[in-house]
Amino acid sequence: MRRIGLLVALLFSLGLHAQKVVRFSELELFQDEFLELIDLKKEQKALYQDSLLPNAMLAADEFGELWIDLSNQLIRKRLVQPEVWEELIRLTYDIYEGEAFGNAEQMAQHLLAYAKKNPSTKIRDYIHQQYLNYSSTFSAMPMILFGAHPTRYGYFFEEGAPVYNFEMEDLYGRYREDSTQIIGANFKYYPEQDLIEGEGGTVFWSRVLSSEDDRYAELGHGTSMLKRWI
């Protein structure tokens, strides 16, 4: 009977231990639980323990419950790849450091809403896109690449989604063998919608069947879906 009791106690303790790795519970335990939930390689552990995880705790200190909700949503979507979390943490911390108070929380809320309604592949790609955008590497669809130079922009939220605002800046695009340059334009970039809305500037094209002097136009107001350049 005693052996049966010990066996039951052992199985119960194993069950409690297994429960610890199912999901995140609270911000105070985030670092320890992260190391159990996310499969890190040996060379990645030092980066996370020494830098990324403390930065995540610092950035999320004012919205701990929201951060845990977002983290668990990613776990539910089986986004356990260290690369996804590295970009999420870097994005959140960079916004926390570089923007007005509350912007990092708004980004976390936006990503949580996005994660709830999209599959894991889209969530992963969207976090990657947001990370590149905020770090000034503006790129979009595989067939069209855009980069704004220089990388001065305003950053704010509109109806809960991030918006990047550029004034008198240049926009460069490439579609297959053709390229487009829009010089001196004012435009807003809406990453969730893959949309650029702008006005003004001069547009130049290359690799079209016309003389170089004719390959430009003065722009008024317009919009462009990044999935197709109009």
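As a basis for the values below, the full set of heavy atoms in this structure was taken, side chains included, without hydrogen atoms, waters or symmetry mates. Only a predicted model underlies this, so the values are computations on that prediction, with no experimental measurement involved.
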Rounding to 0.5 Å, atoms CD (E167) and NZ (K188) come to a distance of 9.5 Å

All heavy atoms of T92 vs all of A59, minimum pair found to be CG2-CB, 4.0 Å

Checklist entry - Linking I/L/V/M/F/W/Y whenever any side-chain heavy atoms sit under 4.5 Å apart, do L70 and I127 land together? => result yes

Before you tell me yes or no, could you show the steps for M107 and D94 under side chain to side chain contact (heavy atoms under 4.5 Å, CB included), namely the whole-Å CA-CA distance, both residues' side-chain angles and the distance that decides it to 0.1 Å?
CA-CA 11 Å; M107 176 58 82; D94 287 348; over 6 Å; no

Checklist line | E159 atom CD, over 12 foreign heavy atoms within 6.0 Å | finding: no

| message | Counting neighbours of CG on D39 that are heavy atoms of other residues, nucleotides or ligands and sit closer than 6.0 Å, is the number greater than 12? | response | no

Exercise. Evaluate the ring planes of W85 and F24, with Trp represented by its six-membered ring, and classify them as parallel (under 30°), tilted (30 to 60°) or perpendicular (over 60°).
Key: tilted

Tell me whether E43 at atom CD has more than 12 heavy atoms from other residues, nucleotides or ligands lying less than 6.0 Å away. yes

Checking E33 side chain against S25 main chain: does a donor-acceptor pair fall under 3.5 Å?
-> yes

- Decide whether L91 and V80 are clustered together by the hydrophobic rule: side chain heavy atoms of Ile, Leu, Val, Met, Phe, Trp, Tyr closer than 4.5 Å, transitively. yes

The reported gap from CG in D194 to OH in Y189 (rounded to nearest 0.5 angstrom) is 6.0 Å

(request) Kindly indicate whether the side chain of L35, heavy atoms from C-beta on, has any atom under 4.5 Å from the side chain of Q49. (result) yes

Checking K122, Q130, H128 against Y126 for side-chain hydrogen bond (donor to acceptor under 3.5 Å, both in side chains), the one that qualifies is Q130

Taken to the nearest 0.5 Å, the spacing of L66 CG from L27 CG works out to 11.0 Å

So CD of E86 and OG of S51: to nearest 0.5 Å the spacing works out to 9.0 Å

Start with the C-alpha distance between Q73 and I123, add both sets of side-chain angles, then the distance that settles side chain to side chain contact (heavy atoms under 4.5 Å, CB included), and finish with yes or no. CA-CA 10 Å; Q73 186 65 37; I123 300 167; 6.0 Å; no

*For the hydrophobic clusters of this structure (ILVMFWY residues joined by side-chain heavy atoms under 4.5 Å, transitively), does one cluster hold both L37 and L53?*
yes

Applying the 4.5 Å side-chain criterion to the ILVMFWY set and letting contacts propagate, would I68 and F63 be lumped into a single cluster? yes

| query | With a 4.5 Å heavy-atom cut-off, do M57 and D61 have their side chains touching? | reply | no

Sub-3.5 Å donor-acceptor pair from the side chain of K77 to the main-chain atoms of N118, do we have one? yes

Original post:
According to the interplanar angle, ranging from 0 to 90°, do the rings of Y155 and F157 count as parallel (below 30°), tilted (30 to 60°) or perpendicular (above 60°)?
Top reply: perpendicular

Taken to the nearest 0.5 Å, the spacing of Y164 OH from F156 CZ works out to 11.0 Å

query = Hey, mind stepping through I38 and Y48 against side chain to side chain contact (heavy atoms under 4.5 Å, CB included) and telling me if it holds?
reply = CA-CA 11 Å; I38 307 302; Y48 275 88; 5.9 Å; no

Between N186 and M168, is there a donor-acceptor pair closer than 3.5 Å when you use the side chain of the first and the backbone of the second?
-> yes

Quick one, R90 and Y134 - any side-chain contact, counting heavy atoms below 4.5 Å?
no

- Within one Ile-Leu-Val-Met-Phe-Trp-Tyr cluster: F34 and L58, side-chain cutoff 4.5 Å: no

*Stepwise, does the side chain to side chain contact (heavy atoms under 4.5 Å, CB included) test hold for R23 with I75?*
CA-CA 7 Å; R23 64 195 302 272; I75 294 296; 5.5 Å; no

Output for pair (Q106 CD, H110 NE2), nearest 0.5 Å, gives 11.0 Å

Looking only at heavy atoms, the pair that brings P162 and P191 closest together is O-CD, 3.4 Å

